[in-house]
Asks: 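Before I ask anything, let me first share the structure, which is written out below as structure tokens.
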Amino acid sequence: HDSREASLVQTSRLLAESLDLAVVTRRIAETVRELFQVHTAVLVTVDAAGGIVALGGAGPVPPAPFRLRRSSTLASLVVRDGISLRTTDILDDPRVDPRPEDREIIAQSGHRAVLAVPLISRGRVIGSLSLGDQAGRVFDDDEVRLAEAFAAQAAIALENARLYNQASTLLAVGRVVSGVSDVAEALRLVSRELGRLTRADTVSAYLIDADRRFFVPTAGYHVPKATVEALAGEMLPVQEDGLAAWLQRGEVAWSDDVAN
């Protein structure tokens, strides 16, 4: 444990050296994976809409960012309740309910023992640090305490990097639209910068019409040609439910499967 605590101190110094969110995330995940000798380490955060999003990880994990269903992981419960949770087999834990496809992925990976601890900044849960290993591994109390200590340092580094990233994003968008008077062109440039910064596949911008009855496609970034042609001249009706209703109220809306 002494070597782990020494590594914790050293890593805290390393985390303070960067404000790049991707770099900070990678350092945290790689260090945790090595410290605890686990197969995977994943950091998740809470987005503006309250969704659970994986920022990145170490080991055989999907490319980040990716969203998590609230009922499928211990990490989502940790974010909700702000307490550490552990299990020797996530597939045999009544607290979670993974989808069939998720269960298959977990079973194939073999990373079924999980320890998840909250990332807390200024008294607010901003995410979770999740460790995964072979089924049957027992994470003891000392490991939980060490993971929590590491998470406290990681939360500070992540929050600093997030604030820096937000400021950089605003500056970048401000630079590209400075002096642009055409609304459609300004939205195109904003869509481009947002797509690059978030690594989104596509970005679409809509304006609501004067009667507030329709959303009008106005600009986009990497929108497939077939979609552009299909939407040409089309206006999307504003509905009383669904994502459009959230947008009308000025709230952030998100979905991990918008078709359903």
Side-chain angles (χ1 to χ4, degrees), residues 20-22 25-26 42-57 60-73 76 98-102 104-105 108 162 165-166 168-260:
D20 184 300
L21 188 58
T25 300
R26 185 177 68 252
V42 178
L43 284 104
V44 305
T45 189
V46 184
D47 68 9
I52 310 298
V53 182
L55 290 177
V61 297
F66 56 93
R67 291 191 176 275
L68 304 175
R69 290 180 70 244
R70 290 184 177 275
S71 62
S72 65
T73 65
S76 58
R99 293 175 295 189
E101 56 268 35
D102 293 336
E104 183 176 348
I105 292 172
Q108 290 176 353
R162 184 187 65 81
N165 189 61
Q166 285 183 347
S168 299
T169 300
L170 291 174
L171 286 173
V173 172
R175 280 195 297 268
V176 299
V177 301
S178 178
V180 178
S181 58
D182 181 74
V183 173
E185 176 62 11
L187 286 175
R188 186 190 70 80
L189 293 172
V190 169
S191 298
R192 184 190 69 187
E193 291 304 309
L194 185 61
R196 289 174 175 176
L197 290 164
T198 61
R199 293 177 289 177
D201 291 329
T202 64
V203 179
S204 301
Y206 296 79
L207 290 176
I208 198 166
D209 71 348
D211 296 327
R212 304 189 68 78
R213 295 177 55 206
F214 296 96
F215 284 109
V216 183
T218 307
Y221 175 71
H222 281 181
V223 179
K225 184 178 180 181
T227 303
V228 173
E229 294 173 350
L231 292 176
E234 294 288 329
M235 294 193 297
L236 307 179
V238 174
Q239 302 172 342
E240 294 182 357
D241 55 6
L243 298 181
W246 287 70
L247 297 175
Q248 269 200 300
R249 295 195 297 267
E251 300 178 19
V252 176
W254 71 273
S255 172
D256 58 4
D257 187 359
V258 72
N260 294 310

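Residue numbers count from 1 along this sequence. Nothing here was measured: the structure is a model prediction, and the numbers come from that model.
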Asks: Can you check whether Leu43's main-chain N or O pairs, donor with acceptor, with Thr45's side chain at less than 3.5 Å?
Replies: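 Between the backbone of Leu43 and the side chain of Thr45 there is no qualifying donor-acceptor contact (under 3.5 Å).
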Asks: Partners of Arg192 by side-chain hydrogen bond (donor to acceptor under 3.5 Å, both in side chains), sequence neighbours excluded?
Replies: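 Partners of Arg192 under the side-chain hydrogen bond (donor to acceptor under 3.5 Å, both in side chains) test: none.
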Asks: So which heavy atom on Val223 is nearest to which on Val203, and how close?
Replies: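 The pair with the smallest heavy-atom distance is CG2-O, 3.6 Å.
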Asks: Could you tell me which non-hydrogen atom of Ala205 sits nearest to which non-hydrogen atom of Ser191, and how far apart they are?
Replies: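 Scanning both residues, the minimum pair turns out to be CB-OG, 3.8 Å.
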Asks: When the side chains of residues 177-189 are checked against the rest of the protein, which donor-acceptor pairs come out under 3.5 Å, sequence neighbours left out?
Replies:
| unit_1 | atom_1 | unit_2 | atom_2 | d |
| --- | --- | --- | --- | --- |
| Asp182 | OD2 | Ala184 | N | 3.3 |
| Asp182 | OD2 | Glu185 | N | 2.8 |
| Glu185 | OE1 | Arg188 | NE | 3.0 |
| Glu185 | OE2 | Arg188 | NH2 | 2.8 |

Asks: Under the side-chain contact (heavy atoms from CB on, under 4.5 Å) rule, collect the residues that match up with Asp201, sequence neighbours excluded.
Replies: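 side-chain contact (heavy atoms from CB on, under 4.5 Å) list for Asp201, sorted by chain: empty.
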